[in-house]
Amino acid sequence: MKIQIDHIAKIEGHAGFVGHIVKGKVKKAQVEVEEGARLIESLLVGRSYEDVPVITSRICGICPVIHGITSIKALEQAFDITPTRETVILRELMMAGQIIQSHVLHIFFLSATDYFKNRDGLDIADEKPEFVKKVLRIRDFGNNVIKLIGGRTIHPMTPKVGGWHKIPSKSILSQIEDEGKNVLPYSKLLVDFILSLDIPDFQRKTEYIAHKPKEKDSYSSYYGEMHSSESWIADEKKFRNEIKEQQVNGTVAKLAKRDGHSYATDALARLHINKKNLNPNAKRALKSTGLEFPLYNPFYNTLAQTIEVIHYIEECRKLASELENSNMKNINTTFNVKKGFGSALLEAPRGVLYHSYDINKKGIVTRADVMTPTAQLLVNLNDDLKIYLPRIEKYNKERRELEILKLIHSYDPCISCSTH
Amino acid sequence: MYKPKTAIISLTCCEGCQTAILDLGERLLDIADKLNLKHFRLASGTKKFPGPYDIAIVEGCPITKDDFKRLKEIRKQSKVLIALGSCAHLGGVAEIKNYGDKNEKIKYVYKNIEGINNPDITPLSDVIKVDAFIPGCPINNEEFYRIVMEYAEGKTPYIAQRPVCYECQLRENKCLLQEGKPCFGPVTLGGCGAICTSNGFICEACRGPLEGTSIKKLQEIMKGKMDKKDLMKIAEIYGVKKEFEESEEK
C-alpha cells in the first residue's frame, strides 16, 4: 500500500508525506520537504558581521528571535565579547517570549485542531470564542515581550553584537510583570485543554537531548551545554563534531544523527533533562497531569509545550523583576572587530539550534554554519512514523491520513528552518 | 454584503508575513469573515478549497518547480493577485545570491546538488501579472489590515508615495544619516511607520524604492562616508539593488 500526502497544512513551510507498506512491512515512511533552497549560509559569506543577525533572523518567520540571538552569541564569542548581565537577561526575555508565542500557535492552531471534527482553527474560534480569545491573549503576551525589547515581533531589529541598537526603557519591566500575571491563569487552561484530547497511545524509546543551564537550579538559560538522557554531554565544539548532518540525495533538508541514530530535541526533551527546575506553577501543572518519566510518547510534545508556556510566563516575570535594580543604561559592550571563530548553541522553540562563523580581520564572514532543530527532529519523526504506520494501516484513507498528520503535527516541524 | 473569496498562499520563504497576519489576533477573525478567507495554511485545516478566488495574496518567491507551477495556476484562478512582503514584491533575502555566483553558492551548502532547483530569484511580477503589492520584510500588519479591508469594501487601495523619512520625522527621531549612518530612508517607500529607524536601526529599503526617486540622492549624501559599492551591498539584502541601479539612470 502506498500512502501519499501532498502539501501538509498547518506546518511552517512546505512538506508532504510518503509511506509504502508491503505485506505489513514498512518499506518507506518519511516526511518529504517541498521547500525551495534559499542557501542562507552561503549568502552570509562575504558580508559584514553586522548583516548576519538581519539575514539569519529571516530564516524563519515564527522563530526569528532565536536565529538572530544565536548568531549574535556566536559572533560575540568570535570577538571575545562578554555581554552585560542586563543584555543577557533581555535576550533571555525575548527568547522566552518567542517560545510562548510559537508554542501557543502550535498547541492550538497547528496541533490540537487535529482532534476536532472540524480541523480548522478559525472554525473552532467560532465555536469557543471565549476560550480562543484567552489563548490569543497568551500569545499576545509572548509577542509583546519580544516587541517591547526587540522593536517588533517578527524580525526584531534592536539586538546587535555587543548589545542593542536601542536600549529598552525601564518602564517595560513592570508592564511585562503585570501582563504576565494576567495571562498566567489562562495558561493552565491550555494544559487542561490538551489533556482532554484523546492522545494516541504510542511509545518508542529514543534519546532526549537538551541544553542544560550552567546555573544548577535553572530550566533554561543563555549559558550551558548539551545533556542527553544517555549521559552524553557536549559543548558547542563536541556537539558539532559528533552530530553528523547528512544530505539525502535530491532533498534540500539535511538530516542530523548522533552516533548513527535519531534523537529527540523538543519541549519533551527539555522536560526530560530539566524538569526538576521548572518554575513553581509549571511544576505543579506537570504534577497534575500524572505523567511519568521517562515518557516515550511523541504525541505528548504538545502537552510538554503547554507546561513550558506556564514556565516561560513565570520566567518572564522573574527576569523582568531581576532587572528592576538596574538603571538599564550603559548596558552595551564596546569591542574591536578582529579575526576569529565563534559558535553558539541555544534552545529554539522546537529544539536546539547551532550557529557558527569564521570572521576575518575586517569583520567579513568567511564561513557560516547553521544547524536547525528541524534538521534533527525530522529523523526522529521519520523513525516514529515507520513504527506507527502498521498500527494505523487498518483505518480508511481519511482516518489514516489524519493519524499520520497528528504525529507529524505533534513534532511541530519548521520546514523553512530545515531548508534555510 | 459582498464577500470576496480570498486565499493566502505561500511560496518559498520564512512565512513571517503569514505570521504577521496571524499576529492580528482577534482582528484575524474579522478578516476571515469579511474576506471569506478560504485558504490560510497556518490557521486553517486540511480542507481543500479550490479556486477561483476573487483575491489571492501570495508571499514568498518561486524556487522549486512546484512553486512556479502553483504560482501560474493561482494567477489563472484569481481576479486580483497581491504580492505580499519583500520576497514576493522584490525578491527578498534569497535574491542576495543573484549578486554572486549562484552555482558556487549552492555548492557551498549542498555536496550533491542534483535535483535541487536553483533559479535566479525574481519578484513575482517577473513571472506573472501582479495587481498590487503589500511591501516590507515583514509586512506592516496594520497596513495589511487597511488594504485588505478596503478591498473587502470594494475600493482599490493604494500606498501613498512618501519616503520613510516622512514618518521618521513625524516621530521626531534623530536622523541617522546626520550621524553618518547609511540609512535608505530618503529613497525608500514609507508606510512602515519608520519602525526600524525609530528603533535605532538604519532603513535598509525592505519596502523598495520610492517612485520617481534616484539612488544618486543617497549616494550624494553619503559621499566621503561610504563608497558606492558598500552602499549598494546594503541594497542587496532585500533584493532591491537591481531596482536602485535602474533608478540611477533617472
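Chain naming here is simple, since letters A, B, ... match the order of the sequence lines and numbering starts at 1 in each. Just so it is clear, the structure is predicted and the values come from calculations on it, not from any experiment.
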Straight-line distance of L43(A) CG to K105(B) NZ, nearest 0.5 Å
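Taking CG in L43(A) and NZ in K105(B), the distance rounds to 6.0 Å.
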When rounded to the nearest 0.5 angstrom, what distance separates CD1 in I62(A) from CG in L22(B)?
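Rounded to the nearest 0.5 Å, the CD1-CG separation comes out at 7.5 Å.
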Compare every heavy atom of V54(A) with every heavy atom of E204(B), then report the nearest pair and how far apart it is.
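Closest approach of E204(B) to V54(A): OE1-CG1, 3.8 Å.
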Do you know the tightest heavy-atom contact between H165(A) and N199(B)?
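Scanning both residues completely, I find the closest heavy atoms to be CB-O, 3.6 Å.
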Part of [X] lying under 4.5 Å from any heavy atom of chain A:
X       : value
A20(B)  : both
Y238(B) : side chain
N118(B) : side chain
E95(B)  : neither
L29(B)  : side chain
C13(B)  : backbone
I121(B) : neither
D23(B)  : both

Under a 4.5 Å heavy-atom cutoff, which of [options] has the most pairs with chain B?
options                           : value
R47(A), Q101(A), H420(A), K160(A) : R47(A)
I154(A), L136(A), I40(A), I167(A) : I154(A)
K254(A), E34(A), R137(A)          : K254(A)

Are the charged groups of K233(B) and D51(A) less than 4.0 angstrom apart, N to O?
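Salt bridge between K233(B) and D51(A), a charged N being under 4.0 Å from a carboxylate O: no.
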Structural part of Q247(A) lying under 4.5 Å from a heavy atom of chain B:
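The answer is the side chain of Q247(A).
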With respect to chain A, which residue among [options] yields the maximal number of heavy-atom pairs within a distance under 4.5 Å?
options                          : value
I195(B), N141(B), D67(B)         : I195(B)
G92(B), A94(B), P138(B)          : P138(B)
G60(B), G115(B), G25(B), C137(B) : C137(B)
N112(B), T64(B), I63(B)          : N112(B)
I106(B), D33(B), N117(B)         : I106(B)

Would you say [X] has more than 12 foreign heavy atoms packed within less than 6.0 Å of its [atom1]?
X       : atom1 : value
E179(B) : CD    : yes
K225(B) : NZ    : yes
K102(B) : NZ    : yes
Q77(B)  : CD    : yes

With a 4.5 Å cut-off on side-chain heavy atoms, are I55(A) and I96(B) touching?
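SC-SC contact between I96(B) and I55(A) confirmed.
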For [Y], does its backbone N or O pair with a side-chain atom of [X] as donor and acceptor, under 3.5 Å?
X       : Y       : result
H14(A)  : S10(B)  : yes
K166(A) : S198(B) : yes
E15(B)  : E12(A)  : no
Y108(B) : A368(A) : yes

Does V252(A) form a side chain to side chain contact (heavy atoms under 4.5 Å, CB included) with Y110(B)? I'd like the steps, not just the answer.
CA-CA 8 Å; V252(A) 290; Y110(B) 298 105; 3.5 Å; yes
Does the side chain to side chain contact (heavy atoms under 4.5 Å, CB included) test come out yes or no for C14(B) and R38(A), once each step is laid out?
CA-CA 10 Å; C14(B) 81; R38(A) 288 175 295 158; 3.8 Å; yes
Give the C-alpha distance, both sets of side-chain angles, the deciding distance and a yes or no for side chain to side chain contact (heavy atoms under 4.5 Å, CB included) between H7(A) and D66(B).
CA-CA 11 Å; H7(A) 300 300; D66(B) 190 59; 3.0 Å; yes
